[in-house]
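Remarks on the structure that follows.
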Amino acid sequence: MVALGAVIATLLGFALFYGLKGKKKSIDSSMKSSENRICKSDSGKSTDIIIVGAGVAGSALAYTLGKDGRRVHVIERDLRQPDRIVGELLQPGGYLKLVELDCVSDIDAQNVYGYALYKDGKSTKLSYPLGSFNSNVAGRSFHHGRFVQRMREKAASLPNVRMEQGTVTSLLERNGTIKGVEYKTKTGEKHTAYAPLTVVCDGCCSNLRRNLCNPKVEIPSCFVGLALENCIIPHELQTAFISATEKGNMRTMPNRNMPAAPYPTPGALLMGDAFNMRHPLTGGGMTVALSDVILLRDLLRPLHSLDNAYSLCKYFESFYTLRKPVASTINTLAGALYKVFSASSDPAREEIRQACFDYLRLGGVFSSGPISILSGLNPRPLGLVLHFFTVAVYGVGRLLIPFPSPKRLWIGARLISDASGIIFPIIKAEGITQMFFPVAVPAYYRAPPVKGIQIALAPPILYEDLTAFIEKLVSLTDLIGCKSEDHELNTNIASPLSPSLELKNEANDSPAPPRFPPKSNLEVASDFGHEDNLTVAEAYRCRFIKETCE
């Protein structure tokens, strides 16, 4: 009996062994088939967003979108540390954007608290108006290349961000929609990459922007850079300058201006210096770029899917409008200051320069106002125009006191004329309506696309009570169905209007795991206490109306 039991047990053991082996083969085969299916699907759908360029804008955008759960593929021409003489000052307004993006750690920078101006033996110090901010808020000065490398490392540390060295040669277009890019790797191999959205931010020398905008690039001057040693105060500048010139290590960099003139293109978006450039005199380029990154992040956060390129293109028209007040103010100030302080033998231009210097020396609001605009802490276009023409009027007053003369009257008239000739063409190039009256632009009211339908909210009414205005906005969104408690909503949008909204899979009715934050981080609406009830565009509208009323 014992022998018979052993034989039966042996036979059952062999049967079980071969059965499990066959089952394992079946499982392995199934897993392999599943992997093949996944790879096949990922070959066309593995990336949500392609970013061309890994400079300040590209790296910051990759990091913040990666943190939000997007699958990002960054293609950069050269991943070595950049060696440039520009991009070495980040204004306090840009630093606040960097804080919001959580990118301030280990940037190896020196704090900057203002400016010192010297003219004809006179001097004045202009401090940033930082009284209402935390003690760590200030400008930052750093080595541009090391700063960019830190940003790249931070972005590449996220598992869903892929950083690759390659040169993008063209955008892949199909039926008017950008589907991806074609690029060459550093070994010369040609590859293609596909994604629902391609963001082009490949710098001032972009070879792709001609397909996405009307590039009117102007080069008014060049920067000449020297590394000055043992230079502490301006009195010692002459010796240090002579020493540097004798070494002959002089670097030049063309200064470029280019107003933003985009062609809205399904599947693609322009950002950074590839999209908009201003004279680097005021150091505002990185502030504009980081502000654009935050705006685009907030616009993308409510969207679960980016597949509907045409609806997304209409939605992104709001990006070009919402960015205008900040970007245009910084652009206009940079262009105006360059024209004021550039070399000229015109007596009227010299009077403008002297008036500007003396105006800033007055202190108080006469210095804190312009510096708050220059620093990006308060970039209001109306404030810029007001201060600019106040300087011109102040210059005329200097000429007419104590006794006016025909010559002085003529120079005063020329001064006002020159001031108008400086600022008005810049404002016209930036766009008067978008800069000063963005609420009058239809694109200002673009709402996130729902099931391929573009919802446009009615223009807001300037209520005396801002709380009533916000409640009206919420009631409007209730009426158009963006917020519903009585009906299930099967959609590809996670709206900040309904933080409890469950996303449904198209294949079944089970709730889909949220890949992105359920609601936007709308700090711009925090002053109203209604940040949970506002979309991105509504929050920006509320801020604009509040600032206008103030």
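Just so it is clear, the values below take in all heavy atoms, side chains as well, and ignore hydrogens, waters and symmetry mates. Residue numbers count from 1 along this sequence.
Here the closest heavy-atom approach between residue Pro196 and residue Leu306 is recorded as CB-O, 3.3 Å. In terms of heavy atoms, Leu377 sits closest to Pro129 at CD1-O, 3.9 Å. Closest non-hydrogen pair, Pro379 versus Ile330, comes out as CB-CG1, 4.4 Å. The two residues Ala274 and Asp202 make their nearest non-hydrogen contact at CB-OD1, 3.5 Å. The two atoms that bring Ser420 and Pro425 nearest to each other are O-CD, 3.7 Å, heavy atoms only. Of all non-hydrogen atoms in Gly272 and Ala57, the two that sit nearest each other are CA-CB, 4.2 Å.
Ser59 contributes a side-chain N or O that, together with a main-chain N or O of Gly55, makes up a donor-acceptor pair within less than 3.5 Å. The backbone N or O of Thr329 sits nowhere less than 3.5 Å from a side-chain atom of Thr332 that would complete a donor-acceptor pair. Checked by atom type and distance alone, the side chain of Ser157 pairs as donor or acceptor with a backbone atom of Lys154 at under 3.5 Å. A donor-acceptor contact shorter than 3.5 Å is absent between the side chain of Gln91 and the backbone of Gly93. Side chain of Thr265 to backbone of Ala268: no donor-acceptor contact under 3.5 angstrom is found. Using modelled atom types, no side-chain atom of Asn214 and backbone atom of Ala261 make a donor-acceptor pair closer than 3.5 Å. With hydrogens and angles disregarded, no donor-acceptor distance shorter than 3.5 Å links the side chain of Asn134 to the backbone of Val137. Using a distance-only test at 3.5 Å, with no hydrogens or angles considered, a donor-acceptor pair links the side chain of Thr169 to the main chain of Glu182. Between the side chain of Thr321 and the backbone N or O of Ser318, no donor-acceptor pair lies under 3.5 Å. With hydrogens and angles disregarded, a donor-acceptor distance shorter than 3.5 Å links the side chain of Tyr338 to the backbone of Pro220.
Salt-bridge annotation for Glu430 and Arg278: absent, with no side-chain N of the basic residue lying under 4.0 Å from a carboxylate O of the acidic one. Between Arg301 and Asp68, at least one side-chain nitrogen of the basic residue sits less than 4.0 Å from a carboxylate oxygen of the acidic one, meeting the salt-bridge criterion.
With rounding to the nearest 0.5 Å, the separation of CG in Leu130 from OG in Ser368 is 11.5 Å. To the nearest 0.5 angstrom, Ile426 atom CD1 is 9.5 Å from Asn331 atom CG. Distance check: Asn160 CG to Arg162 CZ gives 13.5 Å after rounding to the nearest 0.5 Å. In this structure, CD1 on Ile427 lies 12.0 Å from CD1 on Ile422, to the nearest 0.5 angstrom. In this structure, the separation between CG on Leu281 and CG on Asn255 is 8.5 Å, given to the nearest 0.5 Å. Distance check: Asn211 CG to Ile178 CD1 gives 7.0 Å after rounding to the nearest 0.5 Å.
Checked by atom type, the side-chain pair Tyr310/Thr177 shows a donor-acceptor distance below 3.5 Å. Looking at Arg446 and Tyr315, their side chains never bring a donor and an acceptor atom within 3.5 Å of each other. Of the N and O atoms on the side chains of Arg152 and Gln149, at least one donor lies less than 3.5 Å from an acceptor on the other residue. No donor-acceptor contact under 3.5 angstrom links the side chains of Tyr444 and Glu317, judged on distance only. Using modelled atom types and a 3.5 Å distance limit, the side chains of His73 and Ser46 yield no donor-acceptor pair. Side-chain contact of Gln434 with Tyr320: a donor-acceptor pair under 3.5 Å is absent, judged by distance alone.
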Check the pair Tyr128 / Tyr113 against ring-ring contact (aromatic ring centres under 6.0 Å, His included), numbers first and verdict last.
-> CA-CA 6 Å; Tyr128 292 133; Tyr113 296 100; 8.0 Å; no
For side-chain contact (heavy atoms from CB on, under 4.5 Å), just list the numbers for Phe436 and Val385, CA-CA rounded to whole Å, side-chain angles, deciding distance to a tenth of an Å, and then say yes or no.
-> CA-CA 11 Å; Phe436 293 96; Val385 174; 3.7 Å; yes
Step-by-step salt bridge (Lys or Arg N to Asp or Glu O under 4.0 Å) determination, Glu218 to Lys216 | CA-CA 7 Å; Glu218 177 188 359; Lys216 296 181 179 179; over 6 Å; no
How far apart are the C-alpha atoms of Val340 and Phe388, what are their side-chain angles, what is the distance that settles it, and do they pass the side-chain contact (heavy atoms from CB on, under 4.5 Å) test?
-> CA-CA 11 Å; Val340 167; Phe388 189 82; 4.3 Å; yes
Pair Met258-Cys204, side-chain contact (heavy atoms from CB on, under 4.5 Å): steps then yes or no | CA-CA 9 Å; Met258 189 183 79; Cys204 60; over 6 Å; no
Please assess Thr390 against Tyr359 for the test side-chain contact (heavy atoms from CB on, under 4.5 Å), listing each intermediate value before the final yes or no.
-> CA-CA 9 Å; Thr390 303; Tyr359 182 84; 3.6 Å; yes
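Atom CG of Asn175 is surrounded by 12 or fewer heavy atoms from other residues, nucleotides or ligands within 6.0 Å. The neighbour count for Arg77 CZ, taken as heavy atoms of other residues, nucleotides or ligands under 6.0 Å away, does not exceed 12.
In this structure the side chain of Glu100 reaches within 4.5 angstrom of the side chain of Arg297, judged on heavy atoms. Thr198 is not listed as a side-chain neighbour of Leu269, based on a closest heavy-atom distance of 4.5 Å or more. Using a 4.5 Å heavy-atom threshold, the side chains of Leu300 and Ile49 count as touching. Leu303 has its side chain within reach of Arg70: a pair of non-hydrogen atoms, C-beta onward, lies under 4.5 Å apart. The shortest side-chain heavy-atom distance between Asp102 and Lys67 falls under the 4.5 Å cut-off. At a threshold of 4.5 Å between non-hydrogen side-chain atoms, the residues Val293 and Leu295 do not count as touching. For the pair Leu197 and Phe316, the minimum side-chain heavy-atom distance is below 4.5 Å. In this structure, Leu98 and Met151 have side chains that are in contact, with non-hydrogen atoms separated by less than 4.5 Å.
Taking the six-membered ring for Trp, Tyr263 and Phe275 have ring centres at least 6.0 Å apart.
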